[in-house]
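None of the values given here were measured: they were computed from a predicted structure. Order of the sequence lines sets the chain letters (A, B, ...), proteins ahead of strands, with each chain counted from 1.
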Protein chains: 2
Amino acid sequence: MTSKDFPLANIDCGDCPIRHRAVCARCEPDELQTLEAIKFYRTFEAGQTVVWAGDAMDFVASVVEGIATLSQTMEDGRTQMVGLLLPSDFVGRPGRETAAYDVTATSRLTMCCFRRKPFEELMGRTPHIGQRLLEMTLDELDAAREWMLLLGRKTAREKIASLLAIIARRDATLKLASDSRSIVFDLPLTREAMADYLGLTLETVSRQVSALRRDGVIELEGKRHVVVPDMERLLGETGDDTDGGMLI
Amino acid sequence: MTSKDFPLANIDCGDCPIRHRAVCARCEPDELQTLEAIKFYRTFEAGQTVVWAGDAMDFVASVVEGIATLSQTMEDGRTQMVGLLLPSDFVGRPGRETAAYDVTATSRLTMCCFRRKPFEELMGRTPHIGQRLLEMTLDELDAAREWMLLLGRKTAREKIASLLAIIARRDATLKLASDSRSIVFDLPLTREAMADYLGLTLETVSRQVSALRRDGVIELEGKRHVVVPDMERLLGETGDDTDGGMLI
DNA sequence: GTCGAACCTTGATCGAAATCAAAAAATGAT
DNA sequence: ATCATTTTTTGATTTCGATCAAGGTTCGAC
């Protein structure tokens, strides 16, 4: 079982749609009640830091709405984003007291948090929560390794195309019913954040986005609104195998 | 709890020291018996492929001896190593039918394998195996993210120093009793494999290894035998924070 | 030992992305 | 609306690592 078995679109459960996908799709009523008791919400404004690497972190959480980034920074300021947290993604590691990465809100962000200690206790007596977390962690590991290929071997143009394809694909799950052939979405990241994710500079990101537009691979309305007239064409620019599970 | 709580050096249990660390440090006798019944060993020669990405993989496994690599290849041949498997590391994903990466032996390799289906059944009724696997997977995710920083932001020299430091550190756990100040180990990888791991070309690897030797950071006896006279000095070349848990 | 095949090193040149620099566009505050 | 700030684009130049090319080592087979 992978996270694809819990598509966001299939879930409709009130104030916290995410929690269910993340940890308790198979929870019994008493387990849900325990989760209710230890949960709380936090919201952050765009740009705010959720936690700094090394800080104590006494909760684990699920993103409800908005976007956050996980990043690592070297002493001299070089920064690499190591994860992008979209709605339904899980943050925090059971058994770890301090945050391993900087977590930053890149848009207005709502998270559903669970106090760590009682969450760990619940995990201890509720195996399927651990199983679910293992599935999610394995998915994240796959994503991290896919990103290693991107960082280590792809050209700047391929990197940009790959990022756009990933955002388009992830966004598309939320509006599949669309009739139009072309895919439309808003970039949730600044050029600088894209650069930090892709291991590039913001100037290179800007140049390559311009180049993809000039070549007709994408259209831009404003700086952030992207139209992909032909998804196949964009995928062809990523360097990835076009067959396989890649298509939307 | 992290994998550091199961240091290899502390374990002494006969023909398969690894299995215990990986999945059954806390197993009951009947569980161990089940594992015995579904386990088998496979050995590979240096250079042999264990599985190709996409192939059916009906077992999960633990490395007993030797070194293997996980790598991804693009259609045009560009290759990125996404993981290095040393003794005690686990391969394979419960619930996944096919290999996601090429697995290749870089030295003579012995693996302790468990048939996947019965292993998954055992996992289903033995929560702590899943818990242990979750811990290991989270450690791997951390390692993958550390590698993302290396691939995205470090210079060639820093990449080489980082790889040497990691191998030295990992090797050092096997011979901590050493009296000498300097750390000595054999490089388990060819220059080409190092390049694939670091997102470089083999020529750049060769040049940077030569440069580190010229600058006295390392000494080489032959091509593969490395002496690190001053570990602090090497760590200073990695670009990482020198304080923190990094030191051996 | 000699031969051949991998593996490694070094040199010369090239090129993609970084860096340096400036200006334009968007955003938000007053 | 105006001004200040942030974000983005574009241009000129530099640099690091890739690429192309040629030898040198090591090691196993015979």
Side-chain angles (χ1 to χ4, degrees), chain A residues 45-48 74 76-80 104 106-108 150-164 186-215 218 220-226 237 239, chain B residues 45-48 74 76-80 104-108 150-164 186-215 218-226 237 239:
Chain A
E45 296 306 316
Q48 264 193 298
M74 298 169 71
D76 63 2
R78 280 176 283 175
T79 297
Q80 176 65 50
T104 311
T106 59
S107 66
R108 194 179 163 77
L150 177 145
L151 291 171
R153 296 301 184 195
K154 288 190 180 180
T155 64
R157 185 181 174 103
E158 289 170 338
K159 286 178 175 183
I160 299 287
S162 298
L163 179 61
L164 293 175
D186 284 305
L187 268 180
L189 301 172
T190 65
R191 298 288 186 263
E192 186 179 23
M194 291 172 70
D196 284 344
Y197 205 12
L198 299 170
L200 299 171
T201 60
L202 66 91
E203 293 96 327
T204 298
V205 170
S206 181
R207 272 185 249 275
Q208 295 298 335
V209 170
S210 298
L212 287 175
R213 186 190 44 191
R214 203 168 41 244
D215 299 344
I218 59 171
L220 287 179
E221 291 162 16
K223 302 301 177 192
R224 299 290 196 88
H225 194 72
V226 181
E237 295 281 351
Chain B
E45 296 305 315
Q48 266 194 295
M74 298 169 70
D76 63 3
R78 282 176 282 175
T79 297
Q80 177 63 51
T104 311
T106 60
S107 66
R108 194 180 163 76
L150 177 146
L151 291 171
R153 295 302 185 193
K154 288 189 180 181
T155 63
R157 184 181 175 102
E158 289 170 338
K159 287 178 174 182
I160 299 287
S162 299
L163 179 60
L164 293 175
D186 284 306
L187 268 179
L189 300 172
T190 64
R191 299 288 186 262
E192 186 179 24
M194 291 171 70
D196 285 343
Y197 204 12
L198 299 170
L200 298 171
T201 59
L202 66 90
E203 294 95 328
T204 298
V205 170
S206 182
R207 273 185 249 275
Q208 294 297 336
V209 169
S210 298
L212 287 175
R213 186 189 45 191
R214 203 167 41 244
D215 298 344
I218 58 172
E219 292 155 22
L220 287 178
E221 290 162 16
K223 303 300 178 194
R224 298 290 196 90
H225 194 71
V226 180
E237 295 282 352

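B/L202 comes within 4.0 angstrom of a base, heavy atoms only. A/G47 comes within 4.0 angstrom of no nucleic acid atom, judged by non-hydrogen atoms across all strands.
Residue A/I160 holds its CD1 atom at 10.0 Å from OG of A/S210, rounded to the nearest 0.5 Å. Note that CD of B/Q48 and OG1 of B/T104 are 10.5 Å apart. Values are rounded to the nearest 0.5 Å. The distance from the CG atom of A/L187 to the CG atom of A/L164 is 6.0 Å, given to the nearest 0.5 Å. Rounding to the nearest 0.5 Å gives a distance of 8.5 Å between CG of A/L151 and CD of B/Q80.
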So which protein N/O to nucleotides 25-30 of chain C N/O distances come out below 3.5 Å?
none

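Contact check on A/R108 versus A/E45 returns a salt bridge, with a Lys/Arg side-chain nitrogen under 4.0 Å from an Asp/Glu carboxylate oxygen. Ion pairing between a basic and an acidic side chain is recognised when a charged N comes within 4.0 Å of a carboxylate O; B/E237 and B/K159 show no such pairing. Salt-bridge annotation for B/D76 and A/R153: absent, with no side-chain N of the basic residue lying under 4.0 Å from a carboxylate O of the acidic one.
Protein chain B contacts DNA chain D from D/dG17 to D/dC20, reading 5' to 3' and using non-hydrogen atoms of the protein with a distance under 4.0 Å.
Looking at A/E158 and B/R78, their side chains come closer than 4.5 Å, going by heavy atoms from C-beta outward.
Counting heavy-atom neighbours within 6.0 Å of A/E192 CD, excluding the residue itself, gives a total of 12 or less.
A heavy atom closer than 4.0 Å to some atom of DNA chain D occurs in A/E203, A/S206, A/R207, A/S210, these being the qualifying members of residues 203-215 of chain A.
OP1 or OP2 of C/dA18 lies within a sub-4.0 Å distance of a side-chain N or O belonging to A/T201.
Looking at B/R157, B/R191, B/K223 one by one, the single match for side chain to side chain contact (heavy atoms under 4.5 Å, CB included) with B/V209 turns out to be B/R191.
For the pair A/E192 CD and C/dT19 P, the computed distance is 13 Å after rounding to whole Å. Atom P of nucleotide C/dT9 and atom CD1 of B/I160 are separated by 10 Å, given to the nearest angstrom.
Comparing A/A156 and B/L220 along DNA chain C, the residue whose closest nucleotide (by nearest heavy atom) sits nearer the 5' end is B/L220.
Closest heavy-atom contact between A/M194 and A/L189: CG-CB, 3.8 Å.
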